[in-house]
There are 2 protein chains.
Amino acid sequence: MKLLGGAWTPSLVWCLSAEPRRFSELRADIPRISAKVLSARLRALEAEGVITRSVLPTSPPSVEYALTELGRELIPVIEAIVRVGTKLTRMTAMAPVSLESVLRD
Amino acid sequence: MKLLGGAWTPSLVWCLSAEPRRFSELRADIPRISAKVLSARLRALEAEGVITRSVLPTSPPSVEYALTELGRELIPVIEAIVRVGTKLTRMTAMAPVSLESVLRD
DNA sequence: CTGTATCCCAGACGATACTG
DNA sequence: CAGTATCGTCTGGGATACAG
């Protein structure tokens, strides 16, 4: 829970679970997150050993974030949350279900 | 995550997953929780439809909390957290692992 | 593009004390 | 036994603006 408790953290891990992604890609994946919070969460996850941060020597510079082995351990938890969250959301609303709402609410 | 995000919430759902329990039993199950927070979490979970609260007509009065069907939906998530948390804790420390630490840290 | 710097505040949490 | 009341602290998160 310490690892997944921060705002947007489950969404973030989920977005990185398929493939490494860059800062701006994550911003696009999760439109409502602010740059500040995204940065904060990425720093925290890096400090906890959940993700890695690699600066690619391009111009303009790009930065790639990827799950570590530890990060991949968390995927089953996210999957359980998504599964339950989707089921519960479908029970109360018939509208389409967004991934963000499932992981946050 | 909204349902499980509060402090001690996963521990609480876990404690209720096997059988209904009373206020003082929960305090004993989770020694470091304060009465105020326990009460607050129970009220919140009740409002969210995760648990039920039944006052038993005994003297002195006792109150029993139980998971609803919705609450039982959350058990797989807790199990996933416990499974991963236990594994990760074992990787970094060789000391015995407490359930509270697995669910909180 | 990839961030940091400020400011701000609601609310969550904890300790302690008190009550029907 | 099963809570409430009160107080204080702290930090997480959001908006906005700026920077290398």
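In what follows, every chain begins at residue 1, and chains take the letters A, B, ... in the order their sequences are listed. Note that the structure is a prediction, hence the values are computed from the model and not measured.
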For this session: Return the set of residues passing side-chain contact (heavy atoms from CB on, under 4.5 Å) with B:A7 (not counting sequence neighbours), or none when no residue passes.
Result: B:R104
Seminar exercise, completed: Distance col, row B:M91:CE vs A:L70:CG, nearest 0.5 angstrom, shows 7.0 Å
For this session: To the nearest Å, give me how far apart CG (B:D29) and P (D:dA2) are.
Result: 13 Å
Problem set entry | Residue pair A:I78 / A:L4, side-chain heavy-atom distance below 4.5 Å | yes
Problem set entry | B:R43 side, atom CZ; B:I51 side, atom CD1 - distance, nearest 0.5 Å | 9.5 Å
Exercise. If you measure only the distance, is there a donor-acceptor pair under 3.5 Å linking the side chains of B:T89 and B:T86?
Worked result: no
Problem set entry | Helix axis bend for the helix from C:dC1-D:dG20 to C:dG20-D:dC1 - C1'-based end axes, five pairs, 10° rounding | 50°
Seminar exercise, completed: Residues passing the salt bridge (Lys or Arg N to Asp or Glu O under 4.0 Å) test with B:K87, sequence neighbours excluded, are A:E73
Exercise. How would nucleotides 8-20 of chain D be written as a contact map, 5' to 3', with B for base contact, S for sugar-phosphate-only contact and - for no contact, using protein heavy atoms under 4.0 Å?
Worked result: -----BBB-----
Exercise. What nucleic acid atoms does B:R22 come within less than 4.0 Å of, heavy atoms only: base, sugar-phosphate, or nothing?
Worked result: sugar-phosphate
Problem set entry | Test applied, side chain to side chain contact (heavy atoms under 4.5 Å, CB included); reference residue, A:L45; option that passes from A:T9, A:L16, A:L3, A:L74 | A:T9
Exercise. From A:K2 NZ over to B:L103 CG, what is the distance, rounded to the nearest 0.5 angstrom?
Worked result: 13.5 Å
Seminar exercise, completed: Bounded by its outermost nucleotides with an atom under 4.0 Å from a heavy atom of chain A, the footprint on DNA chain C reads C:dC1 to C:dC7
Seminar exercise, completed: Contacts satisfying side-chain hydrogen bond (donor to acceptor under 3.5 Å, both in side chains) that involve residues 11-22 of chain A (not counting sequence neighbours) are A:E19-A:R21, A:R21-A:D29
Exercise. CD1 of A:I30 to CG of A:L12: how many Å apart, nearest 0.5 Å?
Worked result: 5.0 Å
